[in-house]
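Just so you know, these numbers come straight off a predicted model, no measurement behind them.
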Amino acid sequence: MKADANFVQNGQGDASAKKAAPAATAHDPFAMLDFIDAFTTEVGEALELSTPNPYLTMAAHLIRNHLEGRTVTPSSLVAASGVPYATAVRKLADMTAAGLVEQRPRTRSGKSFSLHASTRLLESWQQLTSRVERLAERHLGARPARDADYYFGGSYMQGQSIKPPSVLPEPLSLPGGVRVLVHGDPTFMVMETLKRQFEQIVGTDISQRAFSIDRLHEEALRNSARRTSHYDIIAIDLPWIGEFASQGLLLPLDEVMDIQRLDPSDFHTAGWRAAHWAGRPYGVPSQTTPELLFYRKDMFAEAGLEPPTTTAAVLEAARRFHDPARGRYGIAWNAARGTALGHTFMMACADFGHPILNLDPISGGFDADWLDRDDLRPQFDAPAAEAAAEYLMQLLDYSPPDILSMSWYERVRPYAAGRVAMAYGYTLLAPYFELDPSSPAHDTTGYLPHAAGPGGSPVAPVGGYVLGIPANLPVERRAAAAEALIAFTSPAAQKLYVQNGSRTAPRYSVGADPEVRRLSPIFEAVDGMSWRDELQFWPRPPVPEVCDLIEICGQELHEMLRGVISPRLALRKTQERAEQAMRHRRF
């Protein structure tokens with residue numbers, strides 16, 4: 001999955017995103033493989049009469065190559081067994097008959113095939129390594145740091161451990177391999193580091209192009225105008241669903257797959273609903289990443305401040321921590337002109353309980369499920385919207401001096417460096433400090449939904465990307481593309497992303513996995529917000545005109561922040577331009 005080098009030069013793309021993944025996970029499967037190999041070697045050398053265990057040796061060889069994405073042939077597995085050829089062949093036959101080894105044809109004739117660890121072997125190996133670790137703790141006193149509620153033989157934490165992804169029964173038949181268009185963020189860049197492993201899983205090559213958010217939108221539209229799609233799968237920002245679905249640029253997924261295979265109830269409700277248009281699914285959540293308020297728990301404790309749950313409390317905390325003379329600032333946020341600020345203002349309106357369109361109120365917020373209608377109108381020139389604009393003006397007083405050019409990554413960098421006490425940021429940006437032990441924010445960050453303004457309630461505006469299939473993809477590639485889509489968004493795949501540095505988990509099962517929860521407090525925090533119905537996608541309703549509305553907001557509100565026009569005038573101009581944009585699109 002080769003990322004396009006150009007993705008670092010515009011907007012949200014950033015080369016440092018490639019560095020977000022850690023070199024090793026907290027529970028490194030390679031470390032356990034190395035331990036088992038070393039232990040069996042020591043036993044063999046210490047006790048000369050002992051004989052190798054070919055089952056264990058061949059299982060470890062299959063697992064290691066599965067994790068490294070390397071092909072295993074019958075001859076290479078027999079050679080790795082450590083026993084005579086005839087014995088190894090018999091033992092391999094035993095393992096195959098027991099359902100521990102799967103064969104995948106390498107040629108059309110089927111005479112040549114590769115060997116893979118079966119789902120049963122992967123699950124059994126995971127259980128073995130967990131037991132070995134716990135036995136070492138119990139009998140040797142080697143006890144790594146764990147949650148206090150961990151006990152021998154299991155965990156009191158909710159959720160079952162998800163087994164590693166297994167190979168597809170048949171390799172995907174896609175000439176040229178799976179071609180994917182994505183966004184250049186840490187989660188999608190993790191997929192690049194796992195390229196070889198996923199090629200083993202799907203049985204074919206994978207090529208990936210990554211762009212910044214604005215260039216991704218341009219390339220996706222450019223691709224839709226081609227006679228045949230250059231990509232089998234494309235990443236779509238959640239607010240774009242209405243545009244791409246209403247214009248027929250994406251295939252409804254219920255045309256190319258059995259939707260129940262995705263296990264829809266396992267996805268966070270807001271993320272799954274946001275992937276629909278007119279009641280039909282057009283994408284599978286690959287990232288469900290709400291924008292949250294990051295805050296320094298240590299600084300708040302030292303100052304005797306409670307975590308801020310209202311906009312007034314955010315402003316007060318920002319004032320307390322703002323000390324420009326010492327290079328310290330209260331808060332960082334998206335204030336760069338255009339797309340970045342446009343998103344910020346829509347979310348700020350939501351903080352004050354105000355949708356940017358005349359959506360119908362429902363329990364938990366507003367109804368953004370059915371937006372294929374002609375009676376929707378913008379409502380920027382409103383008292384609640386003006387209160388949101390005034391809130392941004394007040395935040396300026398406690399922000400870094402370069403705030404008006406800060407966008408996606410720029411707002412998190414000073415937070416990770418310890419120069420700001422709070423920052424609005426998507427969970428996908430948390431690796432910048434969670435995976436950097438030298439960051440002052442490492443292990444000291446708390447996660448909150450957006451603080452509520454008057455008339456509002458806490459809300460965590462859902463962002464992220466879904467993976468969809470272009471409507472102009474040739475018919476003969478669609479079935480295989482759907483299989484790849486299922487494989488890339490499975491619980492096992494998403495857990496693997498997390499273990500390699502991602503901080504997004506679109507599925508409840510992944511967020512509840514004990515191993516995942518031990519990696520970051522962010523997953524428990526987001527799960528709690530989801531259960532409290534704070535995860536919402538109505539703040540950026542995915543109408544076809546949403547990109548125009550975001551850009552308009554980002555331009556007019558930037559003039560306001562620069563002091564060129566007043567908040568009221570900025571909103572009046574935004575309203576006029578938004579009405580014109582929606583009329584132009586619809587009529």
Handout entry: Note, R478 side chain near V256 side chain (heavy atom, < 4.5 Å)
Key = yes
Handout entry: S439 (side chain) donor-acceptor with D436 (main chain) under 3.5 angstrom
Key = no
Fill in the blank from the handout: Residues at least two apart in sequence or cross-chain that pass side-chain contact (heavy atoms from CB on, under 4.5 Å) with L115, listed by chain then number, are L62, V72, P74, L77, L92, V101, Q103, F113
Handout entry: For D254, all residues meeting side-chain hydrogen bond (donor to acceptor under 3.5 Å, both in side chains), sequence neighbours excluded
Key = R280
Exercise for the section: Check whether the side chains of Y415 and T445 place a donor and an acceptor atom closer than 3.5 Å, and report yes or no. Expected result: yes
Handout entry: Test: E483 and R261 ion pair at under 4.0 Å
Key = yes
Exercise for the section: Inspect the contact between R209 and E192 and indicate whether a charged nitrogen and a carboxylate oxygen are less than 4.0 angstrom apart. Expected result: no
Handout entry: Donor-acceptor contact below 3.5 Å, side chain S124 vs main chain R120
Key = yes
Exercise for the section: May I ask you to test the I234-V180 pair for a side-chain heavy-atom distance under 4.5 Å? Expected result: no
Handout entry: Y432 ring center within less than 6.0 Å of Y409 ring center
Key = yes
Handout entry: Beyond-backbone contact of L428 with R503, side-chain heavy atoms, under 4.5 angstrom
Key = no
Practice task
Check whether any side-chain heavy atom of P542 lies under 4.5 Å from a side-chain heavy atom of H276, and answer yes or no.
Solution key: no
Exercise for the section: State whether R215 and E219 are salt-bridged, where the test is any N-O pair (Lys NZ or Arg NE/NH1/NH2 against Asp/Glu carboxylate O) under 4.0 Å. Expected result: no
Practice task
Would you check if I233 and F488 make a side-chain contact, meaning some heavy-atom pair closer than 4.5 Å?
Solution key: yes
Practice task
Compute whether any side-chain donor of one residue and acceptor of the other, for K495 and S161, lie under 3.5 angstrom apart.
Solution key: yes
Exercise for the section: Could you check if a side-chain atom of V498 sits within less than 4.5 angstrom of a side-chain atom of F523, using non-hydrogen atoms only? Expected result: yes
Handout entry: Reported CZ-to-CG distance for the pair F267 and L262, which is rounded to 0.5 angstrom
Key = 5.5 Å
Problem - Ring centers of H268, Y508 separated by less than 6.0 Å - result: yes
Problem - Distance-only donor-acceptor check, side chains T504 and T289, under 3.5 Å - result: no
Exercise for the section: State the CZ-CG distance between R179 and N223, to the nearest 0.5 angstrom. Expected result: 9.0 Å
Problem - Euclidean distance, H217 NE2 relative to F211 CZ, rounded to 0.5 Å - result: 14.0 Å
Exercise for the section: Assess whether side chain to side chain contact (heavy atoms under 4.5 Å, CB included) is satisfied between L496 and L194, documenting all intermediate values. Expected result: CA-CA 9 Å; L496 195 59; L194 299 171; 3.8 Å; yes
Problem - Side-chain touch Y55/D94, heavy atoms, less than 4.5 angstrom - result: yes
Exercise for the section: Would you confirm whether the ring centroid of H183 sits within less than 6.0 angstrom of the ring centroid of Y465? Expected result: yes
Practice task
Could you tell me the separation between the CD1 atom of I162 and the CG atom of D513, rounded to the nearest 0.5 Å?
Solution key: 4.5 Å
Practice task
Run the ring-centre check on F244 versus Y282 and record whether the distance is less than 6.0 Å.
Solution key: no
Exercise for the section: Kindly determine whether H442 and T444 satisfy side-chain hydrogen bond (donor to acceptor under 3.5 Å, both in side chains), including the steps that lead there. Expected result: CA-CA 5 Å; H442 180 74; T444 62; over 6 Å; no
Exercise for the section: Examine distances only and state if a side-chain atom of T57 and a backbone atom of N53 form a donor-acceptor pair shorter than 3.5 Å. Expected result: yes
Handout entry: Within-4.5 Å side-chain heavy-atom neighbours: L485 and M257
Key = yes
Exercise for the section: Would you kindly say whether S118 and E102 are connected by a side-chain donor-acceptor distance under 3.5 Å? Expected result: no
Practice task
Mind listing the closest non-hydrogen atom pair of A505 and V510 along with its distance?
Solution key: CB-CG1, 3.9 Å
Exercise for the section: Check whether the ring centres of F198 and Y497 lie less than 6.0 Å apart, and answer yes or no. Expected result: yes
Practice task
State whether the side chain of D266 and the backbone N or O of R507 hold a donor-acceptor pair below 3.5 Å, judged by distance alone.
Solution key: no
Problem - Basic-acidic side-chain contact under 4.0 Å: R517, D527 - result: yes
Practice task
Check whether any side-chain N or O of S224 sits under 3.5 Å from a backbone N or O of L221 as a donor-acceptor pair, and report yes or no.
Solution key: yes
Exercise for the section: Look at the side chain of T489 and the backbone N and O of V284, then say whether any donor-acceptor pair between them is shorter than 3.5 Å. Expected result: no
Problem - From CG (L128) to CD1 (I36), nearest 0.5 Å - result: 5.0 Å
Exercise for the section: Return yes if a side-chain donor-acceptor contact under 3.5 Å exists between N472 and T228, otherwise no. Expected result: no
Handout entry: Distance (rounded to the nearest 0.5 Å) between N500 CG and M191 CE
Key = 12.0 Å
